[in-house]
2 protein chains.
Amino acid sequence: MEIFKSYIKKRISVTEEQLEQITSSYTLTQVKKKSFILRAGEICNFEGFVKKGCFKIFYLTPNGEEHILYFAIEEWWISDIASFNEQEPAQLYIQALEDSEVFIISREQKEQLFLNCTQVERLFRIMAQRAQVASQHRIIAALGFTAQERYLDFINRYPKIYPRISSLQLASYIGVTQEFLSRLKRQILKPNK
Amino acid sequence: MEIFKSYIKKRISVTEEQLEQITSSYTLTQVKKKSFILRAGEICNFEGFVKKGCFKIFYLTPNGEEHILYFAIEEWWISDIASFNEQEPAQLYIQALEDSEVFIISREQKEQLFLNCTQVERLFRIMAQRAQVASQHRIIAALGFTAQERYLDFINRYPKIYPRISSLQLASYIGVTQEFLSRLKRQILKPNK
DNA sequence: GTAAAAAATTGACCTACATCAATAAATAAG
DNA sequence: CTTATTTATTGATGTAGGTCAATTTTTTAC
């Protein structure tokens with residue numbers, strides 16, 4: 001629980017009592033490597049804070065291509081926001097890439113928390129705005145960078161995540177085939193020839 | 001002011017008095033077509049609600065390529081979130097594409113508003129989360145769709161914006177050259193030959 | 001209403017990245 | 001330890017979309 005409490009304290013000012021109230025609204029859940037915590041079509045009735053492990057949050061096109069929106073390691077949040085808020089079918093899949101542990105809250109419990117502790121609203125506003133800034137960067141990168149630039153940008157931005165995922169996953173994140181990513185890496189190592 | 005008040009009422013429950021308090025924190029500003037309300041490098045000290053007109057929010061690469069993040073027409077918000085929140089230099093440009101009117105609030109006034117009227121925090125959380133969902137869709141589109149699919153997706157998603165912008169602007173939004181967009185449009189009209 | 005500027009179209013050619021197919025290397029499972 | 005499975009690499013060839021240059025159409029400004 002400590003990692004979660006210090007995450008909150010860093011972002012909003014709360015009393016120990018409120019901190020207890022917030023964190024006790026969450027339940028710790030174990031997720032085995034490769035298992036899905038959400039599939040497209042389901043209603044996403046949870047929002048999770050990753051205590052330990054690694055997840056990929058992705059979209060599957062009708063013809064089966066996978067596009068990874070982001071990877072979530074320790075201190076990241078996982079949910080299908082639209083599905084969670086509007087109680088509509090999810091568009092996204094969330095799958096564990098390692099054995100993981102997540103603090104989970106349901107829609108109803110979160111609403112309750114908003115009523116009981118008004119600062120929580122601020123926490124989630126701040127989080128959502130930060131996520132928005134990151135997404136804007138990704139849109140710019142996806143539209144304007146070459147594959148090599150996107151690759152180097154990812155390594156640079158997420159040095160903690162990079163060593164924990166396979167090339168196949170990375171390729172799906174930056175939007176190229178695994179073959180082309182392999183060629184990119186060689187080119188970066190030996191720029192001549 | 002009516003458009004702004006009804007926008008708020010649709011999203012959070014407030015008394016008439018609170019509604020008055022919120023909207024009176026904003027100042028109406030006129031922005032001439034082609035003029036910039038923000039340039040990269042400046043500190044963005046405002047957040048604006050578009051009452052009338054049209055803006056483009058974009059990024060310029062070091063070699064001068066323009067990438068449009070979004071268009072803001074009536075009822076959209078304009079700001080460089082990172083710059084506004086952290087008081088750091090903006091990365092984005094915001095320019096009027098038509099003669100426009102915007103309700104503006106400063107950083108300090110917004111903080112004041114959060115203190116005086118706690119529901120406002122909720123309004124901005126909801127907004128930020130909705131923006132986040134839209135951004136996620138754009139990331140998926142940018143990585144996985146062809147240029148033609150992105151073009152048709154834009155028309156379909158933003159039928160109100162589409163007729164108000166030039167092809168050049170649209171090309172910069174979907175991430176292709178104006179020449180290629182022109183070919184796409186012809187291809188869609190006459191699929192044979 | 002006319003000149004000037006901006007936007008849109010078209011053609012010829014080029015390049016970043018995809019696809020398909022075959023190995024090779026690394027992990028996982030019994 | 002050995003086999004099966006997943007992951008990474010390499011080659012040959014194809015295509016979506018870019019670049020540069022010229023022309024036409026539309027919009028803006030006086």
Salt bridge present between [X] and [Y] (N-O < 4.0 angstrom):
{"X": "B:Lys32", "Y": "B:Glu101", "value": "no"}
{"X": "A:Lys51", "Y": "A:Glu2", "value": "no"}
{"X": "A:Glu47", "Y": "A:Arg107", "value": "no"}
{"X": "A:Lys185", "Y": "A:Glu179", "value": "no"}
{"X": "B:Arg164", "Y": "B:Glu98", "value": "yes"}
{"X": "B:Lys52", "Y": "B:Glu74", "value": "no"}

Spacing between [X] atom [atom1] and [N] atom [atom2], to the nearest angstrom:
{"X": "A:Arg186", "N": "C:dA16", "atom1": "CZ", "atom2": "P", "result": "15 Å"}
{"X": "A:Gln178", "N": "C:dT23", "atom1": "CD", "atom2": "P", "result": "18 Å"}
{"X": "B:Arg183", "N": "C:dG11", "atom1": "CZ", "atom2": "P", "result": "8 Å"}
{"X": "B:Gln187", "N": "C:dT10", "atom1": "CD", "atom2": "C1'", "result": "14 Å"}
{"X": "A:Leu184", "N": "C:dT15", "atom1": "CG", "atom2": "C1'", "result": "14 Å"}
{"X": "A:Lys32", "N": "C:dA28", "atom1": "NZ", "atom2": "P", "result": "14 Å"}
{"X": "A:Glu149", "N": "C:dA16", "atom1": "CD", "atom2": "P", "result": "11 Å"}
{"X": "B:Gln148", "N": "D:dT15", "atom1": "CD", "atom2": "C1'", "result": "15 Å"}

Output the single nucleotide from [options] whose closest atom is nearest the side chain of [X].
{"X": "A:Ala147", "options": "C:dT10, C:dC17, D:dT9", "result": "C:dC17"}
{"X": "A:Phe180", "options": "C:dA16, D:dG18, C:dT10", "result": "C:dA16"}
{"X": "B:Glu179", "options": "D:dG18, D:dC20, C:dC17", "result": "D:dC20"}
{"X": "A:Ser166", "options": "C:dA7, D:dT7, C:dT19", "result": "D:dT7"}

OP1 or OP2 of [N] sitting under 4.0 Å from any side-chain N/O of [X]?
{"X": "B:Ser182", "N": "C:dA8", "answer": "no"}
{"X": "B:Thr146", "N": "D:dA16", "answer": "no"}
{"X": "A:Ser167", "N": "D:dA8", "answer": "yes"}
{"X": "A:Lys185", "N": "D:dA8", "answer": "no"}

Checklist entry - Going by atom types alone, do A:Arg183 and A:Gln187 pair a side-chain donor with an acceptor below 3.5 Å? => result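 Judged by distance alone, the side chains do not pair up.
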Please list, pair by pair, any protein nitrogen or oxygen found under 3.5 Å from a nitrogen or oxygen in nucleotides 24-30 of chain D.
unit_1	atom_1	unit_2	atom_2	d
D:dT28	OP1	B:Lys33	NZ	3.3

